[in-house]
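The structure appears right after this line, and notes come after that.
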Amino acid sequence: MAAALMLRGSASLFCKPRTVHAASLALVCSRAMASKTPVGFIGLGNMGNPMAKNLVKHGYPVIAYDVFPEACKEFQDSGAQVTDSPADVAERADRIITMLPSSPNAVEVYMGANGILKKVKKGSLLIDSSTIDPVVSKELAKAVEKMGAVLMDAPVSGGVGAAQAGNLTFMVGGVEQEFDAAKELLTCMGSSVVYCGEVGTGQAAKICNNMLLAISMIGTAEAMNLGIRLGLDPKLLAKILNMSSGRCWSSDTYNPVPGVMEGVPSANNYQGGFGTTLMAKDLGLAQISATNTKTPVPLGSLAHQIYRMMCAKGYALKDFSAVFQFLREEENL
């Protein structure tokens with residue numbers, strides 16, 4: 001295997017004899033031992049911003065880029081380097097993390113006119129934490145490999161709160177020998193980093209998780225709405241659900257009913273958190289994957305329809321837990 005695909009987990013592993021050019025091997029060995037060298041970060045949105053900040057907290061110099069200049073301003077004000085394009089990031093860093101909204105955004109950042117692949121260094125490690133189509137992840141990985149670099153997909157679970165606290169869960173797909181190198185960076189931003197298999201399996205795990213999350217959030221919202229209309233106090237109902245068999249993350253950690261919990265989007269007019277548009281997008285990815293694998297997902301399909309309707313009804317920018325508010329207002333659904 002070429003130098004670009006060699007182990008980055010430890011200097012000793014990197015330096016085992018391989019059929020690679022000595023200069024390339026030396027470069028990889030020196031980088032493996034210099035763990036605090038600059039890290040590129042592209043995509044400073046609701047999730048990317050706190051993720052990049054946690055890298056800084058752990059002592060990594062961050063070289064940042066976002067298509068919206070205002071997103072970079074606070075990093076620039078704090079002394080971080082800000083570049084003009086993804087290509088510029090690739091020129092200055094050989095470890096890059098991307099956190100982007102969709103498959104087209106990822107393709108543009110990696111393969112566009114000013115994309116990462118225009119100036120990527122041989123041996124670079126690229127980690128994509130976006131949630132995109134697993135097929136697109138595989139295509140990007142092939143293009144990256146042709147440039148002598150490595151791409152791993154590492155989508156996240158946990159939301160903005162977990163991103164701020166550094167408690168995200170990362171689901172990682174890619175060359176297994178590269179996992180330790182990716183984990184070194186990902187543990188600065190998350191409490192759980194799980195290897196899933198080849199490139200694309202991280203995305204597969206994330207898509208399955210988010211489909212279940214959407215279904216459970218709708219179920220929690222329906223149950224809470226019904227209980228309230230039957231005369232139950234919402235806090236009492238939530239307490240009962242959370243000590244009973246209906247308990248789930250949507251009920252005990254991210255309750256969708258205003259006034260039940262503090263520190264969640266439902267307590268802030270559904271602002272922040274994980275947007276309805278993004279949930280609809282992820283459910284669309286699940287539908288594509290289900291079609292490609294001939295997998296029946298009736299509840300996933302219904303959840304997709306509900307979140308698409310929410311986007312059409314003015315909920316696109318609200319947190320996905322606003323499905324409770326949507327159901328309250330859509331009595332004829």
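For the single chain, residues carry numbers from 1 onward in sequence order.
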Under a 3.5 Å threshold, yes or no: a donor from one side chain and an acceptor from the other, between [X] and [Y]?
X    : Y    : value
D252 : N242 : no
S289 : N292 : no
Q203 : T131 : no
T276 : K318 : no

Members other than L212 in its cluster, when Ile, Leu, Val, Met, Phe, Trp, Tyr link by side-chain heavy atoms under 4.5 Å?
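Its cluster mates, by chain and number: none.
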
Tell me who clusters with I207, hydrophobic residues only, linked when side chains sit under 4.5 Å apart either directly or through other members.
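Cluster partners of I207: L285.
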
When Y195 is tested against each of M171, E176, E178 for side chain to side chain contact (heavy atoms under 4.5 Å, CB included), which residue passes?
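For Y195, the side chain to side chain contact (heavy atoms under 4.5 Å, CB included) check succeeds only for E176.
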
Is a side-chain donor or acceptor of T187 paired with a backbone partner of K183 at a separation under 3.5 angstrom?
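At least one qualifying donor-acceptor pair exists.
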
Has the side chain of S192 got a donor or acceptor atom that lies under 3.5 Å from a matching backbone atom of T169?
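No, because the side chain of S192 does not come within donor-acceptor range (under 3.5 Å) of the backbone of T169.
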
side-chain contact (heavy atoms from CB on, under 4.5 Å) between M51 and L168: does it pass, once the steps are laid out?
CA-CA 9 Å; M51 289 169 66; L168 291 168; 3.7 Å; yes

So among F274, F320, F324, Y270, which one has a ring pair (Phe, Tyr, Trp, His ring centres under 6.0 Å) with Y254?
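Among F274, F320, F324, Y270, the one meeting ring pair (Phe, Tyr, Trp, His ring centres under 6.0 Å) with Y254 is F320.
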
What pairs of residues pass the side chain to side chain donor-acceptor pair (under 3.5 Å) test when at least one of them lies in residues 40-57, not counting sequence neighbours?
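Non-adjacent pairs meeting side chain to side chain donor-acceptor pair (under 3.5 Å): N49-K53, N49-E74, K53-E74.
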
salt_bridge(E184, R95) N-O dist < 4.0 Å:
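Counted as a salt bridge, because a side-chain N and a carboxylate O are separated by less than 4.0 Å.
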
